[in-house]
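I have placed the structure first, in the form of structure tokens, so that the comments after it can refer back to it.
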Amino acid sequence: MSAAAPAPRIAFDRVSVRFATAHGPLQVVEDVSFTVADREFVSIIGPSGCGKTTMMNIVAGFVAPTAGSVTLDGKPVGGPGPERGVIFQEYGVFPWLTVEENIAFGLNLAANRMSAAEKREVVQRYMRLMGLADFARAYPKTLSGGMRQRLAIARAYAVRPQFLLMDEPFGALDAQTRSHMQDLLLEVLAAEGKTVMLITHSVEEAIYLSSKIIVVTARPSRIRSVIAVPFPYPRDESLHERPEFGELRSHIRDLVMKEYAAQQRQVSADPARRPG
Amino acid sequence: MRRTALILAPWLLLILLWYAVAYSGLVNPSLMPTPHQVALRMHELLGGRLPRDIWMSTQRVFLGVALGILLAVPVGFLLGWYREVRRFVDPLINFFRALPPIALIPLVVIYFGIGEPAKVIILFYAAFFAGVIVMYEGIAQISPIFVRVARTLGATDMEIFRKVIVPLTVPHILTALRVALGVAWATLVASELIAAQQGLGALIQNAGSFFQLDIIYVGIICIGFIALAMDLALRTASRRLVAWQDRIGA
Ligand SMILES: Nc1ncnc2c1ncn2[C@@H]1O[C@H](COP(=O)(O)OP(=O)(O)OP(=O)(O)O)[C@@H](O)[C@H]1O
Ligand SMILES: [Mg+2]
């Protein structure tokens with residue numbers, strides 16, 4: 001990094017993670033270094049079970065690296081905090097709260113105090129944006145998988161975190177809703193300016209949203225390549241039609257397919273280490 | 001209409017079966033009172049000792065269950081929440097749970113005498129061990145994801161306890177209460193073996209020593225119906241209180 005570059009907001013420095021499992025130690029992340037600059041959008045793509053969620057959990061403050069360090073604005077990550085909004089792969093919507101209460105949960109905490117009027121306004125806005133307004137009083141048990149996912153997204157957006165850590169946030173959505181959610185995310189970012197780490201299996205999604213894509217290897221996760229996405233923001237759907245988009249997509253897809261194939265071999269060779 | 005019929009049908013069937021057995025000649029008639037004999041006796045006793053018996057038994061069951069659950073909730077919570085503690089304490093709990101309360105009666109009498117406390121302690125014992133197991137198995141199954149989500153939204157430990165852990169614990173408390181109530185009613189007769197003068201268990205035992213079979217049946221039916229009514233009431237309350245749950249534990 002040149003001296004003139006601005007300080008990164010998130011920095012992985014030679015990070016390794018190893019878990020103790022019933023079958024002995026399992027190396028999940030190996031010697032990973034990368035940085036995320038302010039307002040940068042970084043996507044991570046890699047095969048299932050390679051260690052992507054683990055990397056995100058380090059930034060979120062739930063997993064400590066076995067070696068190396070992860071810093072946020074130059075300081076090692078402590079515990080979790082509201083400045084880092086996390087959208088978990090398994091959503092984690094609160095089943096005992098209605099849709100609107102779920103979205104309001106973060107706003108009712110001491111850490112994010114706001115006036116009742118403001119709170120109502122924020123909750124209403126995100127319910128509308130996520131297409132959940134008709135279900136304000138419904139409990140999550142009555143929602144579809146895609147609606148729960150949107151609810152988890154709304155709940156995370158509502159507290160306006162500086163960082164967004166998103167673990168396959170659009171995975172359960174149909175193609176139309178997914179593309180709508182992607183555009184919505186771009187709008188929120190344009191308006192609020194966040195620094196984003198996104199985990200996805202979709203190369204198109206990664207290109208469409210990111211300024212930088214990191215392809216990681218089959219477990220243990222190492223960095224295969226870091227690809228800068230050259231398209232300026234704001235972006236819209238027409239980007240998908242550009243020939244450069246197609247070229248970049250095939251290039252990344254090749255890289256990714258090789259790693260997915262490697263993961264397949266790994267899984268069939270060692271059934272005891274099937275990803276959990 | 002259909003619903004009522006469906007609810008009543010098994011009971012009518014049971015009564016029919018009872019008549020069939022009583023009139024079949026298979027059983028000595030003096031050993032098998034008919035349903036209407038029992039009904040008559042119940043009517044008679046309702047004007048006599050029965051209300052007092054029901055009151056005494058219900059009071060003992062309530063007290064035993066209240067004390068048992070009061071202890072089972074915090075203990076079950078700790079065991080469910082802290083895996084290491086559970087591994088340590090689990091065998092002990094299962095050891096004590098396996099003991100039939102009736103086997104403890106001699107000890108209870110020696111240590112606590114033959115008054116009200118002795119009876120309530122037997123019920124407390126049964127309620128506690130039934131409740132604590134339901135509690136800690138329920139709590140242990142609470143997914144850690146909810147606590148994680150709350151933390152990433154900025155919740156403090158206190159907020160996590162109040163806004164995440166308490167609501168997730170309520171359904172398990174209600175289930176523990178239901179199970180404990182059931183077990184306590186099932187243990188009632190044993191507890192009233194301890195020199196009880198009043199109570200449904202005492203009624204049954206007295207009747208037993210005088211071969212008053214109809215009274216024995218009255219006692220049994222009362223216990224069954226009171227337990228059933230309480231379970232229904234609790235189930236209805238749970239459905240209201242935890243409407244968010246996918247299903248109420250059967
Ligand atoms: N706390 C843990 N203890 C032991 N092993 C773990 C733990 N967390 C994750 N693992 C293992 O580490 C590996 C990587 O898990 P991780 O969840 O990071 O994968 P992933 O890349 O997010 O996969 P996916 O794309 O399927 O979500 C898996 O094999 C998983 O079983
Ligand atoms: Mg994952």
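Residue numbers start from 1 in every chain, and the chains themselves are labelled A, B, ... in the order their sequence lines are given, proteins ahead of strands. Note that the coordinates shown come from a computational prediction; the quantities given were computed from them, not determined experimentally.
- With a threshold of 4.5 angstrom between heavy atoms, A/N57 approaches chain B through side-chain atoms but not through N, CA, C or O.
- A donor-acceptor pair under 3.5 Å links the side-chain atoms of A/Q149 to the main chain of A/E168, judged by distance alone.
- Here the side chain of A/K52 pairs a donor or acceptor atom with the backbone of A/G46 at under 3.5 angstrom.
- Both the backbone and the side chain of B/L153 come within contact range of chain A, each with at least one heavy atom under 4.5 Å from a heavy atom of that chain.
- For B/R148 and A/F62, the positive end sits near the middle of the six-membered ring, less than 6.0 Å away and at most 45° from its axis.
- With chain B as partner, the option from A/G61, A/A111, A/P80 having the largest number of non-hydrogen pairs under 4.5 angstrom is A/P80.
- Chain A forms more heavy-atom pairs under 4.5 Å with one residue of B/V170, B/T156, B/L168, B/V149 than with any other, namely B/V149.
- Chain B forms the most heavy-atom pairs under 4.5 Å with one residue out of A/G106, A/P161, A/P140, A/P95, and that residue is A/P95.
- Ring planes of B/F146 and A/W96: perpendicular class, angle over 60° (limits at 30 and 60°).
- In this structure, chain A has heavy atoms under 4.5 Å from both the backbone and the side chain of B/V164.
- Within the 3.5 Å criterion, the main-chain N or O of A/V28 finds no donor-acceptor partner in the side chain of A/R219.
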